[in-house]
Protein chains: 2
Amino acid sequence: MQLRMTNQREMILRELRKSKQHLTADELYEKVKKIMPRISLATVYRNLEILSEAGIIGKLEVSGRQKRFDYEVEEHDHIYCVVCHRVDNLEIDRESIREVGWNSDKGYAVHGYRLEVAGICPECQRKRSKKEKKQ
Amino acid sequence: MQLRMTNQREMILRELRKSKQHLTADELYEKVKKIMPRISLATVYRNLEILSEAGIIGKLEVSGRQKRFDYEVEEHDHIYCVVCHRVDNLEIDRESIREVGWNSDKGYAVHGYRLEVAGICPECQRKRSKKEKKQ
DNA sequence: TTCTCTGCAAATAATTTGCACCCAT
DNA sequence: ATGGGTGCAAATTATTTGCAGAGAA
């Protein structure tokens with residue numbers, strides 16, 4: 001099965017890269033729809049799946065929430081906001097994490113690992129302190 | 001709002017603890033249904049949510065998949081099987097991970113972090129090599 | 001008695017799939 | 001022309017919610 005570069009696929013890829021963010025399928029759908037109004041959400045889902053399968057984009061499955069897709073393919077870790085669910089990249093030395101290591105891998109054949117940091121993003125902190133003043 | 005210990009709640013808690021596994025709501029539903037055939041799945045969901053809210057059990061949101069609930073409350077990390085989605089505990093020194101640290105937290109107020117290791121569990125490795133022999 | 005909890009069914013949210021037509025190669 | 005891709009609607013999966021009656025405290 002070889003990939004074809006359709007207009008839809010090209011546009012989805014372009015918008016994701018242009019955004020430099022970690023977008024969900026429907027966020028991306030809203031963006032692309034402005035340019036191709038007749039595109040369907042299913043097409044966005046299908047393409048994101050195919051593109052990440054092909055290693056052209058990354059797929060993020062953070063904290064049991066909606067999937068997000070990543071313009072950046074290289075393996076890296078993330079920090080996310082528990083309030084607004086925004087996701088940012090984490091610059092962390094993955095090597096040193098591996099060195100710290102885990103012993104009891106329970107006989108698993110380890111494929112990879114990832115560190116996920118949770119917190120409140122600057123914007124939500126600001127909103128929150130504003131609300132507290134009001135009280 | 002104070003909690004009441006109903007039969008349903010007690011049974012859900014007992015079965016989760018008895019299993020010593022990381023079960024999903026419907027896995028637990030199947031177990032409890034054998035004892036209380038009229039229990040509803042919604043009750044299981046509601047109770048798992050309430051119990052984890054109360055800190056009596058743990059909630060796991062691993063890799064964008066179905067939520068799993070944890071008999072063990074203390075904070076710890078997990079390893080999961082990419083084939084069968086089974087989850088096991090990881091004995092790892094969380095302190096040393098934190099020490100390795102991350103620099104660029106992008107202004108987030110950090111709440112916590114977790115390490116998630118992916119791999120293939122012993123059982124699925126066995127099944128897989130059996131399949132390969134057949135070919 | 002009071003107020004939380006339950007069962008049931010319906011609603012929601014995110015994602016996937018079947019199908020007939022379309023279009024990139 | 002061929003087989004992957006698209007739009008649309010319907011199906012699925014996981015989870016949540018409204019409501020009237022049940023049962024812990």
Side-chain angles (χ1 to χ4, degrees), chain A residues 1-16 22-70 80 84-87, chain B residues 1-16 21-54 56-70 80 84-87:
Chain A
M1 179 180 76
Q2 58 181 343
L3 295 194
R4 288 179 185 177
M5 191 46 71
T6 59
N7 290 330
Q8 291 78 338
R9 186 164 296 168
E10 197 174 0
M11 216 41 84
I12 288 166
L13 194 50
R14 179 182 302 176
E15 288 301 308
L16 179 59
H22 305 82
L23 301 177
T24 61
D26 61 295
E27 284 168 350
L28 212 31
Y29 171 61
E30 291 304 327
K31 282 184 189 292
V32 176
K33 209 166 52 168
K34 285 183 185 145
I35 306 158
M36 314 179 85
R38 296 195 49 107
I39 198 173
S40 102
L41 181 54
T43 299
V44 176
Y45 270 107
R46 267 186 292 232
N47 276 306
L48 289 172
E49 203 51 50
I50 288 169
L51 289 169
S52 68
E53 206 67 32
I56 297 169
I57 62 174
K59 177 159 49 160
L60 257 80
E61 307 189 342
V62 175
S63 268
R65 302 218 28 109
Q66 229 175 324
K67 280 177 198 152
R68 289 178 178 275
F69 295 85
D70 201 335
Y80 72 96
C84 71
H85 307 115
R86 165 199 182 82
V87 176
Chain B
M1 180 179 78
Q2 56 180 343
L3 295 193
R4 286 178 186 176
M5 190 48 70
T6 58
N7 289 331
Q8 290 81 335
R9 185 163 296 167
E10 196 173 0
M11 217 41 85
I12 289 165
L13 194 50
R14 178 183 303 176
E15 287 302 308
L16 179 60
Q21 288 181 58
H22 304 83
L23 301 177
T24 60
D26 62 293
E27 283 168 353
L28 212 31
Y29 171 62
E30 291 306 327
K31 282 185 188 294
V32 176
K33 209 165 56 169
K34 284 182 185 144
I35 306 158
M36 313 179 85
R38 297 196 48 106
I39 197 172
S40 102
L41 180 54
T43 298
V44 177
Y45 270 107
R46 267 186 294 232
N47 276 306
L48 289 172
E49 202 51 49
I50 288 169
L51 289 168
S52 68
E53 206 67 31
I56 297 168
I57 62 175
K59 177 159 50 161
L60 257 79
E61 307 190 342
V62 175
S63 268
R65 302 220 26 112
Q66 228 176 326
K67 281 176 197 153
R68 288 179 178 273
F69 295 85
D70 200 335
Y80 72 96
C84 71
H85 307 115
R86 165 198 181 84
V87 175

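Numbers restart at 1 for each chain; the letters A, B, ... are given by sequence-line order, proteins then strands. Since we're looking at a predicted model, the values are computed, not measured.
- A close approach under 4.0 Å does occur between a side-chain nitrogen or oxygen of A/Lys67 and OP1 or OP2 of C/dT16.
- Judged by distance alone with a 3.5 Å cut-off, a donor-acceptor contact links the side chain of A/Arg4 to the base of D/dG3.
- When the nearest nucleotides of DNA chain C are assigned to A/Met5 and B/Thr6 by heavy-atom distance, the more 5′-ward of the two goes with B/Thr6.
- In this structure, CZ on B/Arg9 lies 4.5 Å from CG on B/Asn47, to the nearest 0.5 angstrom.
- Ion pairing between a basic and an acidic side chain is recognised when a charged N comes within 4.0 Å of a carboxylate O; B/Lys59 and B/Glu49 show such pairing.
- Candidate nucleotides C/dT6, C/dA14, D/dG7 were compared by shortest atom distance to the side chain of B/Gln8, and C/dT6 ranks first.
- A 4.5 Å side-chain heavy-atom check between A/Ile12 and A/Ile39 finds at least one atom pair inside the cut-off.
- Considering only side-chain atoms of A/Arg38, the nucleotide from D/dG5, D/dC8, C/dC8 that sits closest is D/dC8.
- Residue A/Asp26 is out of contact with every strand shown, counting any heavy-atom pair closer than 4.0 Å.
- When each of B/Glu49 and A/Leu41 is assigned the nucleotide of DNA chain D bearing its nearest heavy atom, the one mapping closer to the 5' terminus is A/Leu41.
- Checking the phosphate oxygens (OP1, OP2) of C/dT16, no side-chain nitrogen or oxygen of A/Tyr45 falls inside 4.0 Å.
- Taking only side-chain nitrogens and oxygens, B/Asn7 never comes nearer than 4.0 Å to OP1 or OP2 of C/dT6.
- For A/Thr43, the side-chain atoms get nearest to D/dT6 when compared with the rest of D/dT6, C/dT16, D/dG5.
- The base of D/dG7 sits with one of its N or O atoms less than 3.5 Å from a complementary donor or acceptor on the side chain of A/Arg46.
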